[in-house]
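Structure, as structure tokens:
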Amino acid sequence: MKKLFSILAMTGLFVVSANMVNAKTIAASTVSNLSTTVTATAVMLQDEAPAEAEKGFTQVLKEMFITGGAGFMGIVLLCLILGLAVAIERIIYLNMASTNTGKLKQQVEDALASGGVEAAKEVCRNTKGPVASIYYQGLDRAGESVESAEKAVVSYGGVQMGQLEKNVSWLSLFIAIAPMLGFMGTVIGMIQAFQKIAAVGNLSASLIAGDIQVALLTTVFGLITAIILQIFYNYIIAKIDSIVNDMEDSSISLIDMLVDHKK
């Protein structure tokens, strides 16, 4: 009887041990499969992430522009393009108009001392910029009197200032009308939204969401256009002020040089 009990006990222990081994094997297999699934999912997400990242700012901007509608968005874009064209043209012109006034003043002064007025005029002819042009006009009237030279310098200085400020008023116009067009698009979008509400008879977010989105996008693009052009406008105005200050200082220096030359 004891032997039979021992045999049964050993058999039961063997069965329990086998079941535990099988359970561990199944658990390990399950963990392995789960790990493989997680890894594969992570790889798929990594592959999809660049596709989403490739959308980029330009693509998002393009989609927003299309969503906003070609009507007002196209006009705002035209304001941006024309404003940038004017700004770039003015920046190029102003950079070309900038001269080293200290060096020019010294060259004119040396030419007056060594070769007279004609030599100084030749220096001005070979130098670009409004300051050199003002010097030339003053020297051209130097044979008459210092007063005539001073009047010529003042008059031609006004002409050169007008050349520096040419087309800047168009840039300020685009800065003003771009946000106005955006606000107009917003108002029209809100009117369309309320018309739909009045036609249906109840307020539904899905019904007016598209019109409100279009309205807000036109305002955003109008403000972005105005901000970009305003930065260029402020730079151009600062550049013009700097050149005008050089012109005024150089005019005073030229009159002093002519007075000394007359003595």
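Worth saying up front: this structure is predicted, and the values here are computed from it rather than measured.
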OG1 of Thr127 to CD of Gln107: how many Å apart, nearest 0.5 Å? 6.0 Å
Could you state the interatomic distance from SG (Cys79) to CG (Leu173), rounded to the nearest 0.5 Å? 7.5 Å
Flag yes if more than 12 heavy atoms outside Lys105 fall under 6.0 Å of its NZ atom; otherwise flag no. no
Chi angles and distances behind the side-chain contact (heavy atoms from CB on, under 4.5 Å) call for Thr101, Asp249: CA-CA 9 Å; Thr101 55; Asp249 183 63; 5.7 Å; no
Could you state the interatomic distance from CE (Met184) to OG1 (Thr219), rounded to the nearest 0.5 Å? 11.5 Å
Check the hydrophobic clustering (I, L, V, M, F, W, Y; side-chain heavy atoms under 4.5 Å; chains of links allowed) and say if Leu78 and Ile227 are grouped together. no
Taking C-beta and beyond as the side chain, do Arg141 and Gln137 meet within less than 4.5 Å on heavy atoms? yes
Within the side chain of Asp140, is there an N or O that forms a donor-acceptor pair under 3.5 Å with the backbone of Tyr136? no
Between Tyr235 and Ile91, is a side-chain contact (heavy atoms from CB on, under 4.5 Å) present by the stated rule, with each step listed? CA-CA 8 Å; Tyr235 173 80; Ile91 290 173; 3.9 Å; yes
Once you round to the nearest 0.5 Å, how far does CE of Met180 lie from CD1 of Ile175? 12.0 Å
What about Tyr135 and Val154, same hydrophobic cluster or not, with Ile/Leu/Val/Met/Phe/Trp/Tyr joined at side-chain heavy-atom distances under 4.5 Å? no
Hey, mind stepping through Leu229 and Val86 against side-chain contact (heavy atoms from CB on, under 4.5 Å) and telling me if it holds? CA-CA 10 Å; Leu229 295 181; Val86 173; over 6 Å; no
Nearest heavy-atom neighbours spanning Leu139 and Cys124: CD1-SG, 3.8 Å
Do you know which two heavy atoms are closest between Gly83 and Leu171, and how far apart they sit? O-CD1, 3.4 Å
If you compare all heavy atoms of Leu254 against all heavy atoms of Ile134, which two are closest, and at what distance to 0.1 Å? CD2-O, 4.0 Å
Ignoring hydrogens and angles, tell me if any N or O in the side chain of Asn245 forms a donor-acceptor pair with the backbone of Asp241 under 3.5 Å. yes
Determine whether Val168 and Ile228 fall in the same hydrophobic cluster, where Ile, Leu, Val, Met, Phe, Trp and Tyr are linked whenever their side-chain heavy atoms lie under 4.5 Å apart. yes
Where is the tightest heavy-atom contact between Ala97 and Leu164, given as atom of each residue plus distance? CB-CD2, 4.3 Å
Ignoring hydrogens and angles, tell me if any N or O in the side chain of Ser250 forms a donor-acceptor pair with the backbone of Met247 under 3.5 Å. no
Rounded to the nearest 0.5 Å, the OG atom of Ser133 sits from the NZ atom of Lys128 at a distance of 11.5 Å
Does Arg90 reach the main-chain N or O of Lys166 with its side chain, forming a donor-acceptor pair under 3.5 Å? yes
Main-chain N/O of Ala238 paired to Ser242 side chain as donor or acceptor, under 3.5 Å: no
Linking I/L/V/M/F/W/Y whenever any side-chain heavy atoms sit under 4.5 Å apart, do Ile252 and Ile243 land together? no
Candidate pair Leu80 and Ile224, rule side-chain contact (heavy atoms from CB on, under 4.5 Å), full reasoning: CA-CA 9 Å; Leu80 177 60; Ile224 291 174; over 6 Å; no
Compare every heavy atom of Ala111 with every heavy atom of Val123, then report the nearest pair and how far apart it is. CG2-CB, 4.0 Å
Can you confirm whether Val108 sits close enough to Met257 that some side-chain heavy atom of one is under 4.5 Å from a side-chain heavy atom of the other? yes
Give a yes or no on this: more than 12 heavy atoms of other residues, nucleotides or ligands lie within 6.0 Å of atom OH of Tyr93. yes
For Gln160 and Tyr156, test the side chains for any donor-to-acceptor distance below 3.5 angstrom and give the result as yes or no. yes
Tightest non-hydrogen contact, residues Gly182 and Val76, listed as N-CG2, 4.5 Å
Shared hydrophobic cluster, Ile75 / Leu223 (ILVMFWY, side-chain heavy atoms < 4.5 Å): no
Validation row: Phe232, Leu84 side chains within 4.5 angstrom (heavy atoms): yes
Distance, nearest 0.5 Å, that separates CG of Leu181 from OG1 of Thr218: 9.5 Å
